[in-house]
Amino acid sequence: MTTPRYQDGCAAGSQVMGATSYVFAVNFNNGNVNNLNRNNKAFCRPVASVPARECQGVTFRELYTAMRNARRHKQPSENMLEFLADWTGGLFDLQRALTAGAWVPSPATCFIAQRPKARQIHAPAFSDRVVHHWLVPQLEAIYEPKFIHDSYASRRGKGTHKAVARLRQFVRQVASGQGGGWYLQLDIANFFNSIDRRVLWQLLKPQLERGEVRPEALRATHALLRHSIQQQGVVYRSTEAERERVPAHKRLENAATGCGLPIGNLSSQFFANVYLNELDQFAKHVLKAKRYLRYVDDFVLVHHDRAVLENWQARIEAFLADRLNLKLKADIRLRPLSSGIDFLGYVVYPTHTRVRRRVLKHVREALQAWRSAHVQAGMAQATPADYRKLSSVWGSYQGHMQHADSHRLQQRILTRHRWLNSLVSTKRAFSHELEGRRITIKVAI
């Protein structure tokens, strides 16, 4: 049996609470700490220290976690692979820059997205994406309790399907209660290009300071808003013809001085919610709109009285112009609920929900394109990658349709495209040795 170091053991009172609730008084009387004073009454009081993150600045572990989140579910790009080749050195560089307040965004890569309509996408450098994933969760922790429940874009536990389900609930409450009912659907004109970064900073700064955000995060937030994307630098990965498809007023380089946020950034999505949170609070607390919801810059109000909605429209328009320097699109929809609300890929009626016609058009185009390329005379010839892409595309559209009353619609599509049912009804796994080879599968016609 091991002999205890102190024969009599430690006194029961050797560790007791001190005078306040956040310190301990540790009595060393029985520990022979001071041999010259056998009866010493000394106490050691460990006091609450300053949190380590405030002493150390930005930690390497924080940036490592942010890097893992930034690369999750992303196709490796040339920029990402270059960063990951020496990711430790890259993270240490970011750590030093953020701690010193010297971080500035790197040039972004601009390309043109063609669907559903041509628009600019500014993809940040991978190192900047790491900073965004480090910064935005800190800002969300302060703002998330301030956001209203019915704001559904770029928030954990929200999304398009939750927004449509909530709208369906609003519509049925009004239609089933008194019958009839109206909706007012509004959209911000050229929203991201019209966000005034000076107004946004005036909204952010006092809230972040009051929330005791770290100084490194405050400086990084200011660095994101201080200059336009053109001043930060842009690398164009698109042809002149592709850029011409984007209307001039939709191009970020043509935004007014001090205005504009790039589409494609995690930070821009969060800043958009902060900016329009002012509208959300106005709608809920000033207009007292019980049935109001918003997804990015598209928002809907439901009420049984048309006159009330007309009044709200005028007041919202004035608020946006005076407070946020924004304008509404000319396409203002003030219609009966029975006409259906075209919202986020669905059309919501009081009794049912349909899939939007444009989505069905995309389904037909995607399936017809795959059939033309790979199906002939009752045989499908494609590589494993092609088959996986077909399953992914159909699964995506099927997942979208499942949130509407679309059982018969899905059956009609599968009946019309019998070859599709032959290929997606069974999940196939291909050997790696077959990658790149064309594989023939018999299909129904």
Side-chain angles (χ1 to χ4, degrees), residues 69-77 111 113-117 119 121 123 152-168 264 266 269 295-296 342-348 352-376 378-445:
N69 291 334
R71 64 181 293 193
R72 184 175 297 159
H73 307 309
K74 296 292 183 181
Q75 290 290 337
S77 63
F111 62 93
Q114 302 294 341
R115 296 179 70 174
K117 54 187 176 183
R119 66 188 189 280
I121 303 294
Y152 288 91
S154 304
R155 294 177 64 193
R156 191 180 301 274
K158 302 291 184 177
T160 57
H161 296 145
K162 291 286 183 67
V164 172
R166 182 67 162 168
L167 179 60
R168 187 184 300 123
L266 176 65
Q269 297 167 11
Y295 189 90
V296 193
D342 190 341
F343 188 64
L344 301 180
Y346 302 90
V347 182
V348 179
H352 62 284
T353 301
R354 290 181 176 176
V355 178
R356 192 180 190 183
R357 288 185 178 180
R358 189 167 71 181
V359 174
L360 297 178
K361 178 183 177 183
H362 292 165
V363 173
R364 289 193 296 268
E365 290 175 350
L367 295 180
Q368 186 58 44
W370 203 95
R371 177 176 181 175
S372 299
H374 302 291
V375 179
Q376 287 184 352
M379 306 297 288
Q381 292 186 334
T383 65
D386 294 326
Y387 288 119
R388 286 194 296 269
K389 182 177 180 181
L390 173 65
S391 296
S392 176
V393 169
W394 172 244
S396 176
Y397 283 121
Q398 192 176 38
H400 182 85
M401 289 187 285
Q402 284 176 349
H403 290 269
D405 301 294
S406 63
H407 176 74
R408 287 185 294 180
L409 170 64
Q410 295 181 56
Q411 294 303 312
R412 284 201 305 270
I413 293 175
L414 291 173
T415 301
R416 186 175 304 168
H417 302 275
R418 297 177 61 193
W419 61 270
L420 174 64
N421 196 34
S422 301
L423 295 176
V424 300
S425 59
T426 302
K427 187 174 182 180
R428 291 180 171 84
F430 298 96
S431 169
H432 69 279
E433 296 177 349
L434 298 177
E435 292 297 331
R437 300 183 184 181
R438 292 177 66 83
I439 301 170
T440 301
I441 299 177
K442 187 176 180 180
V443 296
I445 298 297

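All heavy atoms count here, side chains included; hydrogens, waters and symmetry mates do not.
Closest approach of R168 and H403 over heavy atoms only: NH2-O, 3.1 Å. What you find for V355 and A404 is that their closest heavy atoms are CG2-CB, 3.8 Å. Of all non-hydrogen atoms in V359 and G345, the two that sit nearest each other are CG2-O, 4.0 Å. Smallest separation of non-hydrogen atoms from F343 and V164: O-CG2, 4.0 Å. When all heavy atoms are compared, the tightest approach of G264 to I121 is CA-CG2, 4.3 Å. T353 and D405 make their closest contact through N-OD2, 2.7 Å (heavy atoms, listed as atom of the first residue, atom of the second, distance).
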Notebook entry, point to check: Between I413 and Y397, does a side chain to side chain contact (heavy atoms under 4.5 Å, CB included) hold up when you go through it step by step?
Noted result: CA-CA 11 Å; I413 293 175; Y397 283 121; over 6 Å; no
Next item on the list: Please lay out, stage by stage, how N421 and R418 fare under the test side chain to side chain donor-acceptor pair (under 3.5 Å).
Entry: CA-CA 5 Å; N421 196 34; R418 297 177 61 193; over 6 Å; no
Check: Between L266 and Q269, does a side chain to side chain contact (heavy atoms under 4.5 Å, CB included) hold up when you go through it step by step?
Finding: CA-CA 5 Å; L266 176 65; Q269 297 167 11; 4.2 Å; yes
Next item on the list: Walk me through it: do R438 and Q381 pass the test side chain to side chain contact (heavy atoms under 4.5 Å, CB included)?
Entry: CA-CA 6 Å; R438 292 177 66 83; Q381 292 186 334; 3.4 Å; yes
Checklist line | Verdict with supporting geometry, H362 and R115, side chain to side chain contact (heavy atoms under 4.5 Å, CB included) | finding: CA-CA 10 Å; H362 292 165; R115 296 179 70 174; 2.6 Å; yes
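The CE atom of M379 lies 12.0 Å from the CD1 atom of I439; values are rounded to the nearest 0.5 Å. For the atom pair OG (S406) and CD (Q398), the distance works out to 8.5 Å, reported to the nearest 0.5 Å. Distance check: R412 CZ to H407 NE2 gives 11.0 Å after rounding to the nearest 0.5 Å. In this structure, NZ in K117 is found 13.5 Å from CD in Q114, a value given to the nearest 0.5 Å. Within the model, atoms OG1 of T160 and NZ of K162 stand 10.5 Å from one another, a figure rounded to the nearest 0.5 Å.
Ring geometry for H400 versus H161: interplanar angle of 30 to 60°, hence tilted.
Side-chain N or O atoms of S391 include one that pairs as donor or acceptor with a backbone N or O of Y387 at under 3.5 Å.
Around CZ of R71, the count of heavy atoms belonging to other residues, nucleotides or ligands within 6.0 Å does not exceed 12.
We find that D342 and R356 are joined by a salt bridge, their nearest charged nitrogen and carboxylate oxygen being less than 4.0 Å apart.
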Going by atom type alone, with no hydrogens or angles, which donor-acceptor pairs under 3.5 Å involve a side-chain atom of residues 366-373 and a protein atom two or more places apart or on another chain?
| unit_1 | atom_1 | unit_2 | atom_2 | d |
| --- | --- | --- | --- | --- |
| Q368 | NE2 | S372 | OG | 3.3 |
| W370 | NE1 | D386 | O | 3.3 |
| S372 | OG | Q368 | O | 2.9 |

Identify every side-chain donor-acceptor pair in residues 428-437 under 3.5 Å, counting partners at least two apart or on other chains, and give the distances.
| unit_1 | atom_1 | unit_2 | atom_2 | d |
| --- | --- | --- | --- | --- |
| R428 | NH1 | L423 | O | 3.1 |
| S431 | OG | E433 | N | 3.2 |
| E435 | OE1 | R388 | NH2 | 3.2 |
| E435 | OE2 | R388 | NH1 | 3.1 |

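Figure legend: cation-pi geometry between K158 and Y152, with NZ or CZ positioned under 6.0 Å from the six-membered ring centre and within 45° of its axis.
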